[in-house]
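Below, read A as the first sequence line, B as the second, and so on, with proteins coming before strands; counting in each chain starts at 1. What you are looking at is a predicted structure, and each value in this text was computed from that prediction instead of being measured.
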Amino acid sequence: MIELIGVTKLFGGRAAVRDLHLTVPTGAFCALVGTSGCGKSTTLRMINKLLPHDGGQIHIDGQQISQFNEQTLRRRIGYAIQSTGLFPHWTVAANIGLVPNLLGWPKAKVQERTRELMALLGLDEGTFWHKYPSQLSGGQAQRVGVARALAADPDILLMDEPFGALDPITREHLQNEMLRIQSRLRKTVVFVTHDMDEALKLATHVGVMHEGRLVQLASPETLLRQPANGYVESLLGSQDRGLKLAGLKTLAEVVQPDDKWIGTAARGQTVLNLSDSARTALSAMLWSGQNCLPVRNEQGQLVGEVTLDQLCRLSESKA
Amino acid sequence: MNQRPYPLAAAWQLNPVWLITLGWVLCLGLAVWGMPHLEGFFRWLEPGQRQVIYQRDAFAFLLLNHMQLVAVSAAMAIVIGVGTGIIVTRGWGRDFLPLVSQVASIGQTFPPVAVLALSVPLLGFGAKPVILSLVLYGLLPIMRNTLVGLNDIDPAVRESARGMGMSPLQVLVRVELPLALPVMLAGIRTSVTINIATAAIGSTIGARTLGDPVIAGLINGNLAYTVQGAVLIGLLAVTVDQLFAAITPKRHG
Amino acid sequence: MSVKAQTNRVLLALPFAALAALWGLDFVSVQPNRIMPGTGQSLVAALGWPGALLLSGGVLAILLNAWRITSPRFWLTLALATLLLALLPLALHWAAQRHVPADQPIARIGLGAGFWALVFLLCLMIIEVLQRLRAGTHWRLLVMAVVLGSLFWFISTGRLDELALLREYQSRSRQFGTALRGHLMLVGGAVGVSLVMGFGLAVQILRRPSWQKPVLGVLSFFQTIPSLALFGLLIAPLSALSAQFPWLQQFGIRGIGWAPAVLALIGYSLLPMVRNTWVALDGVPAGVMEAARGMGMSPLQAFVRVRLPLAVPVVLEGVRITTIQAIGLTAVAALIGAGGFGTFIFQGLGQAANELILLGAIPTILLALLADMIFTALAALTAGYRKEVATS
């Protein structure tokens, strides 16, 4: 668990972060969103003491970080940044094994862990082990960056716009990977981004920052339904909020699977999956011109159908 | 894997550059050993002189002395230059960074001969003033390139090194210095090249180097002496330069 | 131009070192004649208490002013340092009056280590302050004008005649003029020729990229060979040539003299010239050239009206490097009888006459600094409105 209590950071007399209160429970994925210069990166960098804080307290698992030696603290916390910061003179394997080596793990164990992480991030060992960072594509380098951050199996992961410099397709791909990894590892993550869609997609908690203050901290759904003020609303984009909300819901939450459908054949048209989002369903309806589409489960069996009416009610409910 | 390991390990793989270097070293050795045996040629070149082979000191002695002078001053210049470069890029030393980098670039406009000449009023004649001016002048390219090399490191690399929990010393030794090494080596190469030339002129202020035969030849009008010294100086410079070419690591990219 | 109120460690350290040098080292030395070695005089002995305290007070003021220094107080330090530097000739004048009686026309004052250290440290302070203030070139020029103006006034009014350096100059002022002319002509000739040749080679490389490696390879091989060796090696073929064709000697082409010097200088100058000119021409963005051709310019027009003007700042950088290098090498060329300021240096070394060495070394350094300034200013002038190209 990470707690920031009344944290303030001054740069030359100007407050970059002021009186910030933020609690990230263990296993939560907290995204900090805001325009550049809002203090989100500064906040992140105070957590692993890359920047000292000027006021307030920061606790990790109940202990003040000021009590830790900064190198010990950082080796316990995974850290990934936008331009990856991979060491250009080290191979991919050496880069991933950096923190375990710093912690003095035996060689064999470091190698094994490196193998494990390359597999987790989908990096083929034979291809990448001896490569140097300059020989990687942006997406591959970012995977190595994430693997390096995870290497010593830290409980906490700090990520500073890790996917910011990637093209949209690679970025989406890595976001999905991140979701998959997080569902397995359940780290406590603080993730800085300026991309609201990315935050809504990945996070369990979204913190919106503006001019050094935390404006709102809420779940993605609450944020969409009840933005605290006009600034949050503008970040969300007022026109396509409905779509964003629909993007948060899977059809599994809308459709009641019913065994009576099993065995029936779809009538040669578009079929949706239970794991698809309501947004995808809406798009499929617009495209196919149907207001009712069949849905199937992971095994590929039809389990029900979803209607336009249902989707409309989804956005109204709990309003 | 056909990837070359980085950085110095690359140098030890058998490489055409090393063969060329070896060739130059052999040439130099052969010239030092064989110069006295070329009396016939030099007699043809300078028929008027009674003596056509420089005798005052053995060529091998002059060569070793010359190399020693350059090596000692290069070692000192490297320690001071790299040390200064490191100090002014961290902690309180950063206050001195603008001044040091300015001085390093202004200082390089000073002609090496003038620096050599100015050391005489200070230290008199002999090897000492030569070493002083070689160190002072050789310092500048090393210092400057150390600064450039350290400066050119992607800030994200330094940031992530710290963020991963490396101590300041680890960041310096394992990340910054290896990354700056090629640029630093280029500075050392420039410095040594200039200093081999300056040390040769140093024989005018009493250092015993390969410049001795050249100067003696010029004073006595003995062309043979001059050519003997000049050939050896040229070979030494080219050999050392080639040596640097061989150990300079290739960057990945 | 606002600077935060912060103690400047550099401006603490430099005046501290200056004070240590002033009080720990000899300020001047007094020589009864040219041959006898001088006796060192401490600051107080040289200037008397009032002068010593005045000078130290100025340095101390700079030291104190560094404490929590602010932008306006940086200007104060600049003014103080400039003033001190400009008043140093006055200090020498005082020292001369105290130690050289008018009835001893050959007694002279030599400059001590303390004096040189003070000059050096004051220059460093000025460089530091100018940088912290981000002051423009005109400020640098103003400081220089004040200091040099004061120096020349003191010299021209005869107030520094007792200085050993000036005594040495006066006894060979004609040779000094010849040396200056010789030095400038050698440098100018070599740089001029190599500019033309270098330009031609650079254009060739631009047209035929396959030439790049061999041409630059040969030129950098030349650059590696020490000057003394190259001068020495050129003597043999040239003297053979002039022995074969005696009429060449009428033009001064002999084994020693200016001919091998100019040849070697051109050899050394070609590398920086070709490399910079080529980089400059090649560095013009392809888009700009494409646009020029797209507008209907002929290849010649595109080259002369677009590529060349855009390349000028970087070419000038090449000329700067070449000129500075040639000034230094010309001093070495005195060894093979080519003239120039090197003559004084090597004569001085031969006679163990320190002031004669200085008479050769100082003008050589000044020439190099002057060339540096002129070409830097020219490059800045031509690059003023097209910074993005000049950085290549």
Side-chain angles (χ1 to χ4, degrees), chain A residues 41 44-45 47-51 68-103 126-136 141 144-145 148-149 151-152 154 157-162 165, chain B residues 1-13 82 86 89-92 94-95 145-146 148-187 247-253:
Chain A
S41 283
L44 189 82
R45 290 156 51 102
I47 297 176
N48 65 356
K49 282 175 104 172
L50 277 173
L51 290 173
F68 291 102
N69 166 286
E70 51 185 39
Q71 271 112 48
T72 322
L73 178 80
R74 288 178 198 149
R75 288 171 196 178
R76 276 183 46 187
I77 298 179
Y79 184 54
I81 58 178
Q82 174 173 0
S83 36
T84 75
L86 294 179
F87 298 163
H89 57 312
W90 288 9
T91 61
V92 165
N95 265 291
I96 295 177
L98 166 64
V99 182
N101 271 321
L102 285 176
L103 290 169
T127 319
F128 291 104
W129 189 275
H130 292 289
K131 282 217 163 142
Y132 285 89
S134 60
Q135 299 166 312
L136 304 177
V144 177
R148 183 171 70 165
L157 199 54
L158 304 180
M159 307 181 90
D160 194 350
E161 301 207 25
Chain B
M1 288 279 100
N2 56 357
Q3 299 307 328
R4 269 215 210 122
Y6 186 98
L8 272 181
W12 301 109
Q13 289 187 350
V82 173
I86 289 171
T89 47
R90 57 214 66 230
W92 55 264
R94 213 167 270 135
D95 280 11
N145 277 38
T146 305
V148 170
L150 290 175
N151 222 10
D152 280 356
I153 295 172
D154 183 359
V157 168
R158 213 179 270 129
E159 159 100 3
S160 75
R162 287 208 309 142
M164 298 289 150
M166 284 183 144
S167 67
L169 189 67
Q170 284 172 324
V171 177
L172 175 69
V173 173
R174 297 176 63 181
V175 179
E176 291 183 288
L177 287 183
L179 284 175
L181 186 68
V183 186
M184 282 161 58
L185 265 178
I247 62 168
T248 299
K250 302 267 180 294
R251 262 191 186 285
H252 292 274

Could you tell me which portion of A:L86 (side chain, backbone, both or neither) has an atom closer than 4.5 angstrom to a non-hydrogen atom of chain B? backbone

Please say which of A:L98, A:I81, A:N95 ends up in a side-chain contact (heavy atoms from CB on, under 4.5 Å) with B:S160. A:I81

Just by distance, do the side chain of A:R74 and the backbone of B:R162 share a donor-acceptor pair under 3.5 Å? yes

Can you measure from CD1 (A:I47) to CG (A:L158) and round to the nearest 0.5 angstrom? 5.5 Å

Where does B:R158 contact chain A at under 4.5 Å (heavy atoms): side chain, backbone, both or neither? neither

CD1 of A:I77 to CZ of A:F68, rounded to nearest 0.5 Å, is 8.0 Å

If I measure from the heavy atoms of chain B, does A:R45 come under 4.5 Å with its side chain, its backbone, both, or neither? side chain

For the candidates B:S167, B:A161, B:G163, which exhibits the highest count of non-hydrogen atom pairs separated by less than 4.5 Å from chain A? B:G163

